[in-house]
Structures are given as C-alpha cells and as structure tokens.
Number of protein chains: 2
Amino acid sequence: MTKVAIMGYGVVGSGLIELIDKNREKNDNEVVITSILVRNKEKHKNCSHYEVITTDSEELFSKESDIVIEVMGGIHPAYEYVKRALTLKKHVITANKDLIATFGQELFNIAKENSVSLKFEAAVAGGIPIIKALTESLCGNKVNAIKAILNGTTNFILTKMGSEKLSYDEALKEAQKLGFAEANPEADVEGYDAARKLAILSSLAFDKSFKWEDININGITEIDSNDFKYAKKFNCKIKLVAEAVKCRNKIYTSVKPVLVDEDSILAKIDNEVNGVILNGDEIGELIFIGKGAGKLPTGSSVYSDLNDIINCRFSDIGSFNKEKAEMINYAHKTCNSILRIRTSDKDEVVSRCRDIFNNIKIIDKSLKDEVVLYIECTSEAYVQKFIETIKDEIYYKGCKKLIFI
Amino acid sequence: MTKVAIMGYGVVGSGLIELIDKNREKNDNEVVITSILVRNKEKHKNCSHYEVITTDSEELFSKESDIVIEVMGGIHPAYEYVKRALTLKKHVITANKDLIATFGQELFNIAKENSVSLKFEAAVAGGIPIIKALTESLCGNKVNAIKAILNGTTNFILTKMGSEKLSYDEALKEAQKLGFAEANPEADVEGYDAARKLAILSSLAFDKSFKWEDININGITEIDSNDFKYAKKFNCKIKLVAEAVKCRNKIYTSVKPVLVDEDSILAKIDNEVNGVILNGDEIGELIFIGKGAGKLPTGSSVYSDLNDIINCRFSDIGSFNKEKAEMINYAHKTCNSILRIRTSDKDEVVSRCRDIFNNIKIIDKSLKDEVVLYIECTSEAYVQKFIETIKDEIYYKGCKKLIFI
C-alpha cells in the first residue's frame, strides 16, 4: 500500500485523482489518498475523496504519507510545502515548472540529502515523457541541440492567427474562451513559460545549471497579420520556438517567434500541441509530439511518476546542481531573416542595408513609415549589429526581426 | 562494478561497446566487459576488448557476469543462450525483435521465475524509446491505437521510389548498397519485420499476447511506379504502415502499404526513419520519430537498458503471458481506396463496381488489361467482399488495393 498526500485539486489534480481511481484494480500496490489540500473545501463537495480534503496544510502533513504530490501551481507556498515534504523524507512529485526552474537546484539537493526522489515529468510538455527520455533513455548520449514548441497557449494563438487570419487580440480571446490561455496571459505570451521549460530541459540535456531569466526571450505580442503574410510568401508558418544549441563550450539559448518551413515537422505541430526535437550524438534526431497541457495528459505524466516511485524506479537528477552554463544570445550559424524597419526614410534604410549585406530583397515598401526586407544567409548576430549601428539615426523608429530556422 | 557479457560484436554490438567505453568515466558504477562472443575471432583482432573475445559460448558463460547482452540476432542460438542466461539468474538485454516476437512469452516467464529482468528497448524502432514509453510513461492509459512506420528498409525504398521515381528493384539495390537492406531482404520487404515489431508493441499496449503470424501482412514488392502516380494525384505518399486498433474487444492489426496525406506527420517520416503514433485514452495522440536502426541509435537503446538495470529500474512485463488477443483483419471504419483490377473486360468491372459502391471514380483506364478505380467512403471489408464476389469471374485476373489512412 502506498499512501499519497496531494496538494491541489484543480485541473491537474482532478486528472491525477481520476487516474488513480481508474487504475486502482490494475495495480498490485494499492494507492491510498490520505489527504488533499485545497483552498476552498466547499468547491469540492461533490468531488471524490471529499472526506480527506482539507484546507489546512498542517493537517495534510499530520497524515501519514509516503509520497507528496504538488499540483497546486505557483511558487509560494508550493516551494515551502515541497521543501518540508522532502525534509520529512517523503518522495515528492510536482507538475510545477516555475518551481523547478526557479528552485530546482536547492530542492534536488534537499531530496538527495534526505535520500528521496523529486520527480517532475509533468512540468515540461505535459503528456510528452520528455524528462524520462532525457534522464533515462538518452543517458549514453551527449545532447547537441533542443528545438521545441513548449507553450500550448502561444502555439494555439499563432495557429489561429495563421489559419483563420485572426488578429492577435482575437486569437488570444478565443484561447481564453477555450481555456487554453489564462486571464493574465503574460507568462505565456511573453515567452517566460517556454523559457522556464527550456531551462529545465537544457539543464538535463547539457548537465549544467541554467537560469531561465538569462535566456534570450521574445514573446508573440508584437506579431501581426503582416508577419503572417510575409511568412506565407516564403511558405512558412510562425512558431514560438525554444532552442538550446551547443556552440563549442557555450550554449545558445533562445525563445522567440521564428519562421518555420510549412513542410517541416515543426510546422505540423499546431494548436495547443507541444513538440520537442532532440539531437543526440548517438541517436541523431529524436522527435516527440503530444499534448502539452490539459487535465488528463498532465495527470497521466504525474501518474507515471507515481508509478515509477511505487516500482522503485529512481534516477539521480544532478544537473541542476552543476556549474552554470555559459549562455550566448546568437547561434554560430547563418540564417535568413525578415527585417521590418520602421523609419521616416525608407530609401536611406534600404541603401544602408545594401552597404552591409550581400543579399537583400525588398519584400514590402508599401507600408507607411516601414520597409520590409529579406536578408539572406547571414548570422543573426550580424543582423543585430546592423540594427545597433542605425539605432541612433534620426530616421530610425524601431525594428522587428524574424529569423528562418 | 557491473560485469557484462556480450553476445555479438556486429553493428549493434560495436555501437554498444563504443558507448560503454565512452561513458565509462560518467558512470559511478563501472561497467566491466568480461566476455564477448563472436563467430570469427580473427575479424575482430583490431577491435577494443579483443582480450575478452571468444568464439566459445561455454567460455562466455564460465566468466562472471551480472548482465548478459544479446546482440547477435537471429533466433537460434540466441534463444538458447538467452534462456540459459535467465536460468542462471542473470539480467538479459536483447535487441532481437524476432526472438521477443516468437519466444517472448516463454522468456518473460523464465525471467520472472528467476527474479531477473529481460529488457528489449532496441528491439522495436531502434533509437526511439517506445518500449519505455509504453511500459512506464503510459502506465495510466488504455491505449486505443498504434499507427507506425517500423521498418526503415521499406521506408527508404518507398521514399526513393516516390521522390526519385526509381523502380522497386532500383530502390532496393540502392538500399542494399547503403546498408539499409540485407542481401536477402525478404523479412523487410514482405512486411514480416514490421509485423514482429507491431506484435511486440501491441502486446505491451493492449496487455494481451499477439502472434505476429496472425497479423494481416502485405509487403511492398508489388508496389510500382503507377501506384506513386495515382498517390500523387491525391496528394499522398505511399508508406508501409503497421496498425493496431482496438475495435470493441478485438484488435484490428495490419501491416500494409497505404496512402497517407502529404501534409500528415506520417508523410514526413522519410528514408530510414521510424515513427510511432500512439493513442491513449488519457494522453491523446503521442508521436515519436527517430532513427529505427543503425549502430549508434540502436546501441544507445541497449545502453539505456543497461543503465536501467545498473540503477535498479525494473518494470514487470506481464503482457506476453496474457490471454491471446482476438485479431481482426479489417477495421470497423470507412475509408477511401484505390483498386487496380486486372481484367480482360474493363467495362464489365466498372459496371459491377457501380452496382456495388455508391461512389466510384475511374482513375485510369489506359493500362492494358487493367482498370484503376477510386472508391469513396466504404469499409475495407466491403471492398474485400466485392473482390471475393468477382474473383471467380472469367474476366478477373487479379487485384491490388491501396487504402487511404
């Protein structure tokens, strides 16, 4: 018999509890839920296991449990509770990417000191078993690169903007209506959520510690219908891609909207779906695509962690405690890009561009105070340097850059 | 220290040994290779670990070992060796799909009786961690369906036939030249290899035993350039797809060349790459794409099994021992299909088709003694029944059927 205390009975919590109840007879080892912590007990009065629901964390900790599962979200008090549970030598499962990205190092240390396990399959890419893949399946590999769509909200918004020609605001509203976006969508649309997940994956992949705030992050709030028009011209879709690539002994990390070829696998990952493309030195390219969020996909990942612990399948997570990765903002490779430069003198901008770049094409000169250029085969760093050089010119009013990957 | 005896030093064996040597310093637990069984010792005289190579299985079994790794392939004597190793209470890792598909039930029983583990991640889809996904990550799910490209050889041949307009023979020769096809390609091109892998995956997914010979198997040897021409007309590619779908309490299983939409994920899996699409009741669709064969991808999967055993991560594989699945040859769903009927009377065939099917289109009537028809929205079983009804007519000379999935 395994005694489990659960903190949180929201979307993920209710999915998990449904799975525990459903798989009860399948398991030789019975899972008993000894306590469920919620904020408002009344709200759950028609839910299963009502008799063990409590609003008092002290009561939860007073009940016997072998495993504590944190599916309440947010950093506080989740951090304090998880710490306490680990210190009490209980295995902990969390679905909380913010917590792992922010306090991973400390929490894995405490887990190690107390000889218990801290598992977090559901924290990245929902139902996709990417943590297990990186920590167990690819153990013989050196990972060279991660390229991923890690945020379902923004992927849904970009898909709708592209396929149904909705504006950003319309697409965001639809995402909120369908429950794919929160009332305050900032963490998603600004790219922070994807960056936190990328930091976790990068840490496991490159065996170093990563601060998510150090990642070069661009969200999707500035993307407009013209961007989609230009993307279409090049047979591309726009996706918010999280990338981490080994460049000698440094790691290029970035979360930004990019142009992906319509024929590529990344372009096939639409709506709220997530995808992760790993590149290992032995295994080559390995791709995972699946639901990145939702009650049952995420619940399924938490349940697999629970099953791992019950069956004593542990893996030692040491990478959050390793030396800090040296991150760089621009990859050592050439790419094509679209530059949308706002300016009071389009001709001057075009002429400056012609001076600097070998190969440019004017895509659109019809917009008021804006010229749209296609720049071929140069490095992103070089493009960025060009922007810096004209930044203080009187005719320069701003710039948006979209890279083809 | 973990002592390992390895049977076989071919493609997979050398990949594995390379990984063991490369990761030596990374592991706290040192892996020592105590014996390597080969057929011809001379051939390996410049290989690492030459000093422990033997041609005598008795010598291998006389050396101390905790784990025996079988990467020699073929059923005999692999079966006898694996059985003996399990009986000697050694954990066994195998990359041998033929062995697992044929003797899985017996071998897992022996492993259980002796309280050791029999692991086989590399046996299906090479570097893709699909066994771990099914046995551990999806443990809370009921799998509804598997749709997969499991044979790299045939996928390579079909890709070349489609993209470079090669004939079947030309594409096969190129595959053989590049090492993607064996001198005797029968098991691959006839679909047996894919069927064995599908039987293994189905057993894990549906928790029943499957005899691979009971699967409805069609290979790719009959596919010709006209098939690709018709496929193209419908914006499709031709892929050898292995499918297992739950239909009430039966399982529809099939390995056959089918038409897949060019825009679908399956169509993006080209050349020697493998892909598996699982559908779980909780997780929804979960897709894995990666290298299905080759020294290092396969070696990487064997290495991950080794690492699991070293870290005491075991999972109980019971499904090969469960009741036999009731398999059916036709899915309970409608589909579109292309029928190429060889006949001495095309008009008569068309008229018979019109009598039977609601919606048919003549695709090609220009071929000698053959009429090519598109049949919309009917079940494969109904199409098959129609073929049976005209089979004995004097004008009927044969039929090829291609289903759209």
Side-chain angles (χ1 to χ4, degrees), chain A residues 15-16 18-20 22-23 26-28 121 126-129 131-133 136-142 207 262-265 267-269 273 275 277-278 280-291 294-308 311-316, chain B residues 15-16 18-20 22-23 26-28 121 126-129 131-133 136-142 207 262-265 267-269 273 275 277-278 280-291 294-308 311-316:
Chain A
L16 169 70
E18 195 177 316
L19 260 83
I20 290 176
K22 218 155 103 175
N23 286 286
K26 229 176 63 179
N27 256 317
D28 301 335
E121 184 62 84
I128 300 176
I131 304 298
K132 197 178 260 288
E136 299 177 13
S137 303
L138 268 77
C139 62
N141 285 254
K142 282 199 168 61
D207 202 26
E262 275 178 356
D263 272 338
S264 67
I265 293 262
K268 303 292 165 207
I269 304 169
V273 178
I277 304 179
L278 300 178
D281 62 345
E282 313 295 339
I283 215 165
E285 200 166 81
L286 186 60
I287 306 175
F288 302 79
I289 303 169
K291 291 193 178 161
K295 175 177 159 177
L296 293 172
T298 312
S300 169
S301 279
V302 176
Y303 186 80
S304 81
D305 277 346
L306 174 60
N307 209 53
D308 274 353
N311 288 289
C312 302
R313 289 191 294 258
F314 298 113
S315 30
D316 186 23
Chain B
L16 168 69
E18 194 177 316
L19 261 84
I20 291 178
K22 217 155 104 177
N23 287 286
K26 228 177 66 181
N27 255 318
D28 301 335
E121 182 63 83
I128 300 176
I131 305 298
K132 196 178 261 286
E136 300 178 11
S137 304
L138 269 77
C139 62
N141 285 254
K142 282 199 168 61
D207 203 27
E262 276 177 356
D263 272 340
S264 67
I265 293 262
K268 301 293 164 208
I269 303 169
V273 178
I277 304 179
L278 301 177
D281 62 344
E282 313 296 338
I283 216 166
E285 200 167 78
L286 185 59
I287 305 175
F288 301 79
I289 302 168
K291 292 194 177 160
K295 175 178 160 177
L296 293 171
T298 313
S300 169
S301 279
V302 177
Y303 186 80
S304 81
D305 277 346
L306 175 60
N307 210 53
D308 274 355
N311 288 288
C312 302
R313 290 191 293 258
F314 299 113
S315 31
D316 188 23

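By convention in this document, chain letters (A, B, ...) are assigned in the order of the sequence lines, proteins followed by strands, and residues within each chain are numbered from 1.
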query: What part of A:F288 is in contact with chain B, defined as an atom under 4.5 angstrom from a non-hydrogen atom: side chain, backbone, both or neither?
result: both
- prompt: In Å and rounded to the nearest 0.5 Å, what is the CG to CG distance from A:N23 to A:L306?
  reply: 10.0 Å
- prompt: Which atoms of A:L286 come close to chain B, meaning under 4.5 Å heavy atom to heavy atom: side chain ones, backbone ones, both, or neither?
  reply: both
task: Heavy-atom pairs under 4.5 Å with chain B are the metric here; pick the option from A:G127, A:G140, A:G15, A:G290 that has the most.
output: A:G140
- line: For B:I128 and B:I289, the nearest pair of non-hydrogen atoms, with its separation, is CD1-C, 3.9 Å
message: Please rank A:D263, A:D308, A:I265 by heavy-atom pairs under 4.5 Å with chain B and give me the top one.
response: A:D263
- line: Between B:S137 and A:K132, the two heavy atoms sitting closest are OG-CD, 3.6 Å
Using a 3.5 Å cut-off and no angle test, enumerate the donor-acceptor pairs between side-chain atoms of residues 294-302 of chain B and protein atoms at least two apart in sequence or in another chain.
unit_1: B:K295; atom_1: NZ; unit_2: B:E18; atom_2: OE1; d: 3.1
unit_1: B:T298; atom_1: OG1; unit_2: B:G294; atom_2: O; d: 2.8
unit_1: B:S300; atom_1: OG; unit_2: A:N141; atom_2: ND2; d: 2.8
unit_1: B:S301; atom_1: OG; unit_2: B:G126; atom_2: O; d: 2.7

field: Under 4.5 Å from any heavy atom of chain B - which part of A:K142
entry: neither
query: Listed by chain and number, what are the side-chain hydrogen bond (donor to acceptor under 3.5 Å, both in side chains) partners of B:K291, not counting sequence neighbours?
result: none
field: chain B contact via A:C139 - side chain, backbone, both or neither, heavy atoms under 4.5 Å
entry: both
- request: Determine, for A:R313 against A:E136, whether the closest basic-nitrogen to carboxylate-oxygen distance falls under 4.0 angstrom.
  value: no
message: Report which part of A:D305 has an atom under 4.5 Å of a heavy atom belonging to chain B: side chain, backbone, both, or neither.
response: neither
